[in-house]
Amino acid sequence: MIAIVIHGGAGKIALEDRVPYLAGLDRARDVGYRVLADGGTAVAAILAAVTTMEDDPAAFNAGTGGSPNRDGVVECDAAIMSADGTSGAVAAVTRAKNPILLADKVRVASPHALIVGPGADALVEDPIDNAELLTPRTLRALERWREADHLGPKGSATVGAVALDDQGMLAAATSTGGMLGKWPGRVGDAPLIGAGTYAARHVGVSCTGDGEAFIRAVTAKGLADRLQTGVELEAAVRLALDEVAAQNANGGLIVLTADGRIASGFNARDMAYAWRTAAGADACVSAEPGVRSFG
Ligand code: ASP
């Protein structure tokens, strides 16, 4: 049994952005699924799906098109974890075109779990100028944010993926520019294993939303632990979101279990996600907040 579920963030997705979002989700999901269908690993599938979204400046807040911080610098966070127990992550990295590949480099080629800032940038094989990550869309967003900076940092359009390969192995990944207008050096939940990203033998999770709340709730690991104690899938997602909502925060998450069940849930206004299994596929940009399961 193979399966993939991806997300393109939770938050407010403008009407005019929904077409590029949907096209981007479809493309990334199918790129990832193709890897699985060809016998590739869950890690290879999520790397393919996430890099596809990082390279898509029309919609997503990751890699090119990542949200700039309040100084106009794009500082990216990313993490990947395999159910085999290996993980890698980078935070506040400014010179990587594909932060998720750098996170995977930390996983396979370093003795560490998380490398940040200049240390992470130094690992990039082909460093790019940070300005190359900025796009007309994100520059406009920064301008609007600066005009109304009383709003505080703002998140959305983070990307994530969870896959199950034909060996029964799960893996999860998340990549983001973080919050628009964040303080320089701020790190969100995405690169923190157990908060925004987690994979174990029984489940993989990727989160999106107000990162501070996901960090404090240790959302992804909490969800995995609840499933292990016998809490039903949709109920576990609901409880995870309740802990975020209890902090007056918003977000969403995707989940894939080792027996091929998929769930998504969010309490933000909109969420973008897509999934594919041998039995079918779907993609959704915006829906009623709540919890759904598929597959
Ligand atoms: N969770 C991300 C962060 O806090 C932002 C998002 O998902 O929109 O950095």
Side-chain angles (χ1 to χ4, degrees), residues 6-14 17 21 24-25 50 53-54 56 59-63 65-70 73-80 89-94 99-100 103 114 116-117 120 133 137-138 141-142 145 151-162 172-198 205-223 240-241 243-245 247-255 264-273 285-286 289:
I6 68 172
H7 70 78
K12 196 167 141 197
I13 302 173
D17 288 339
Y21 255 85
L25 282 176
V50 170
M53 292 188 279
E54 287 178 338
D56 183 346
F60 305 113
N61 166 15
S67 293
N69 68 16
R70 68 180 183 191
V73 176
V74 184
E75 292 184 332
C76 295
D77 298 341
I80 181 164
V90 291
V93 61
T94 61
I100 197 63
L114 170 63
V116 307
L133 299 174
R137 188 175 62 85
T138 56
L142 182 63
W145 179 85
L151 291 176
K154 212 165 121 258
S156 71
T158 287
V159 308
V162 189
T174 314
S175 179
T176 186
M179 309 287 254
L180 174 67
K182 66 187 178 183
W183 292 18
R186 177 266 186 188
V187 173
D189 59 314
L192 301 185
I193 293 300
T197 308
Y198 190 68
V205 185
S206 172
C207 303
T208 171
D210 300 328
E212 282 70 10
F214 285 79
I215 291 170
R216 293 180 180 122
V218 202
T219 304
K221 176 72 160 75
L223 199 162
L241 290 173
E243 289 173 346
V244 172
Q247 300 175 62
N248 289 322
N250 285 323
L253 48 90
I254 54 170
V255 186
S264 74
F266 63 103
N267 71 343
R269 199 190 79 170
D270 305 308
M271 183 157 170
Y273 59 91
V285 175
S286 188

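Every number for a ligand or one of its atoms is a count from 1 in the order of the listing.
Contact shell of ligand 1 (protein heavy atoms, cutoff 4.0 Å): Gly155, Ser156, Thr158, Gly178, Met179, Arg186, Gly188, Asp189, Thr208, Gly209, Gly211.
Residues passing the salt bridge (charged side-chain N to carboxylate O under 4.0 Å, His left out) test with Asp17: none are found, sequence neighbours excluded. The side-chain contact (heavy atoms from CB on, under 4.5 Å) test applied to Ser67 returns Asn61, Leu180, not counting sequence neighbours.
Shown here is Arg70, whose CZ atom has more than 12 heavy atoms of other residues, nucleotides or ligands within 6.0 Å.
Under the side-chain hydrogen bond (donor to acceptor under 3.5 Å, both in side chains) criterion, the residue pairs touching residues 178-194 are Arg186-Glu212, with sequence neighbours excluded.
Between Thr158 and Thr174, the shortest heavy-atom distance links the atoms CG2-CG2, 3.7 Å.
Between the Asn267 side chain and the Gly251 main chain, a donor and an acceptor come within less than 3.5 Å of each other.
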